[in-house]
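First up is the structure itself, then whatever we jot down about it.
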Amino acid sequence: MARKDKVISVTLNETKVNGQPVTEVLIGKQVIGQVTQVGERFEAEMVSDNQPFAHTKSFDESLQEILSAYHLHKG
């Protein structure tokens, strides 16, 4: 028997940290990670780790890395 897909609301919030634009990734009201642009590349960072774990060429790839890491380690 197949499981029914669960709808999860993901919100992106643009903020500035130390004068640098940062996009926070939220699930519900919980901040799970952030994406920062460094030059032409993007860094994905989980809030629980406080250090970048993925360096990608696009914003979408960084966002996907954060969501994948969250779903892999949340339970």
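Keep in mind that the numbers below use all heavy atoms, side chains included, and drop hydrogens, waters and symmetry copies.
When side chains are defined from C-beta on, Thr23 does not count as touching Asn13, because their heavy atoms never get closer than 4.5 Å. Counting heavy atoms from C-beta on, the side chains of Val10 and Leu26 never come closer than 4.5 Å. Residues Met46 and Phe53 form a side-chain contact, since some pair of their non-hydrogen atoms from C-beta on lies under 4.5 Å apart. Here the side chains of Ile8 and His71 are in contact, with some heavy-atom distance below 4.5 Å. Looking only at side-chain heavy atoms (C-beta outward), Val35 and Glu43 stay at 4.5 Å or farther from each other.
By the side-chain hydrogen bond (donor to acceptor under 3.5 Å, both in side chains) test, Thr11 pairs with no residue at all, sequence neighbours left out. Listed by chain and residue number, Gln34 satisfy the side-chain hydrogen bond (donor to acceptor under 3.5 Å, both in side chains) test with Glu45 (two or more places apart in sequence, or in another chain). For Gln30, the side-chain contact (heavy atoms from CB on, under 4.5 Å) test picks out Ile32, Tyr70, with sequence neighbours left out. Residues satisfying the side-chain contact (heavy atoms from CB on, under 4.5 Å) test with Gln20, not counting sequence neighbours, are Thr36, Val38. For Glu61, the side-chain contact (heavy atoms from CB on, under 4.5 Å) partners at least two apart in sequence or on another chain are Thr56, Lys57, Ser58.
Under the 4.5 Å side-chain heavy-atom criterion for ILVMFWY residues, no single connected hydrophobic cluster contains both Leu12 and Val31. By the rule that hydrophobic residues join a cluster once side-chain heavy atoms approach within less than 4.5 Å of another member, Ile66 and Ile27 end up as members of one cluster.
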Problem - Stepwise side-chain contact (heavy atoms from CB on, under 4.5 Å) test for Val25 and Leu67 - result: CA-CA 9 Å; Val25 182; Leu67 294 175; 4.3 Å; yes
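Through ILVMFWY side-chain contacts below 4.5 Å, Val7 is grouped with nothing and stands alone.
When all heavy atoms of Ser62 and Ala44 are compared, the pair lying nearest together is O-CB, 3.7 Å.
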